[in-house]
Amino acid sequence: MRREHSAHDGLTLPLWMRRWVLAAGLVCLLSGVLWLVFHNFMTTEGEFGPAAHPLERWWLVLHGGAALVAAWVLGLIWLGHVRRGLQSGRYFVSGVGILVLILFLLLSGWGLYYLGDESWRKWTATAHWIVGLVVAAWLPLHAGFGRRQG
């Protein structure tokens, strides 16, 4: 228990925070990928032509819920890890890069949910899932930098 607290005095996240980051990130990633697969490859033939698969909506609902948890997790690590990382300058490019990408995901996800312009939506949706996959690859790399220094 004491070791966990002392680890948080530096830039290393304590185990319980790492678990929240991992859980929120994995649920966001998996629900987003499942939505993409169901949306693009699992349409069904409806009475009036191609129709969305019934599970497509539920993957999106799960994704939105996981995104809310991920935003909460970002708030959890903001004052400790993010602020200290920005002040220390350690892994600055990696940290600021992932922070910018996560903020883009939050804003584009909000826009996809609330803004209804279909021409804007197509481009934003594509950018959103591409950036989401980049974050999924980048976050473990960013975490690995800190563990190597350890």
Side-chain angles (χ1 to χ4, degrees), residues 8 11-149:
H8 190 58
L11 290 176
T12 303
L13 292 177
L15 181 61
W16 69 271
M17 276 191 194
R18 286 196 308 261
R19 286 180 176 162
W20 274 104
V21 170
L22 181 63
L26 281 177
V27 175
C28 274
L29 174 63
L30 292 175
S31 60
V33 167
L34 285 167
W35 178 84
L36 266 175
V37 169
F38 276 69
H39 181 74
N40 290 306
F41 304 111
M42 310 240 346
T43 56
T44 59
E45 198 57 41
E47 186 177 342
F48 302 105
H53 189 281
L55 288 177
E56 183 180 329
R57 175 183 182 276
W58 293 106
W59 295 129
L60 202 54
V61 168
L62 179 61
H63 189 68
L68 287 174
V69 173
W72 173 74
V73 168
L74 180 60
L76 258 182
I77 68 171
W78 187 269
L79 287 178
H81 180 75
V82 174
R83 195 187 73 202
R84 286 185 192 136
L86 291 172
Q87 289 170 346
S88 77
R90 284 177 59 197
Y91 314 113
F92 186 82
V93 172
S94 172
V96 168
I98 199 147
L99 185 60
V100 166
L101 293 175
I102 288 171
L103 291 174
F104 172 82
L105 288 174
L106 289 169
L107 290 172
S108 62
W110 174 83
L112 287 167
Y113 191 78
Y114 287 107
L115 303 177
D117 180 29
E118 283 305 314
S119 63
W120 177 86
R121 185 175 177 70
K122 180 183 175 187
W123 293 102
T124 305
T126 302
H128 184 83
W129 69 259
I130 289 171
V131 170
L133 292 175
V134 170
V135 166
W138 193 325
L139 191 57
L141 293 173
H142 177 70
F145 294 148
R147 281 196 216 109
R148 280 189 308 178
Q149 279 277 311

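Quantities reported herein were computed from a predicted structural model and do not represent experimental measurements.
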Legend entry - Closest non-hydrogen atom pair between Pro140 and Val135, with its separation: CD-O, 4.3 Å
Legend entry - Heavy-atom closest pair, residues Leu11 and His81: O-ND1, 2.6 Å
Legend entry - Minimum heavy-atom distance between Cys28 and Ala67, given as atom pair plus value: SG-N, 3.6 Å
Legend entry - Gap between atom CG of Leu141 and atom OH of Tyr91 - 0.5 Å precision: 13.0 Å
Legend entry - Polar side-chain atom of Arg18 near backbone of Leu13 as donor-acceptor pair, under 3.5 Å: yes
Inset, instruction - Answer yes or no: is there a side-chain heavy-atom contact under 4.5 Å between Thr124 and Leu115? - result: no
Inset, instruction - Provide the closest heavy-atom pair for Ala24 versus Val69 in the form atom of the first, atom of the second, distance. - result: CB-CG1, 4.0 Å
Inset, instruction - Using a cut-off of 6.0 Å, state whether more than 12 heavy atoms not belonging to Trp138 lie near its atom CH2. - result: yes
Legend entry - Pairs involving residues 36-52, ordered by first then second residue, that meet side chain to side chain donor-acceptor pair (under 3.5 Å) (sequence neighbours left out): His39-Glu56
Legend entry - Over 12 foreign heavy atoms within 6.0 Å of CH2, Trp58: no
Legend entry - Trp120, CH2 atom: more than 12 neighbouring heavy atoms under 6.0 Å: yes
Legend entry - Leu106 to Ala71 - nearest heavy-atom pair and separation: CD2-CB, 3.9 Å
Legend entry - Leu133 and Leu29, any side-chain heavy atoms less than 4.5 Å apart: yes
Legend entry - Distance (rounded to the nearest 0.5 Å) between His63 NE2 and Trp129 CH2: 12.5 Å
Legend entry - Side-chain heavy atoms of Leu60 within contact of Tyr113, under 4.5 Å: no
Inset, instruction - Can you see which heavy atom on Ser108 is nearest to which on His128, and at what distance? - result: OG-ND1, 2.6 Å
Legend entry - Residue pair Leu101 / Leu105, side-chain heavy-atom distance below 4.5 Å: no
Inset, instruction - Indicate yes or no: at least one non-hydrogen side-chain atom of Leu62 is less than 4.5 angstrom from one of Leu34. - result: no
Legend entry - Aromatic ring proximity, centroids under 6.0 angstrom, Trp72 and Trp20: yes
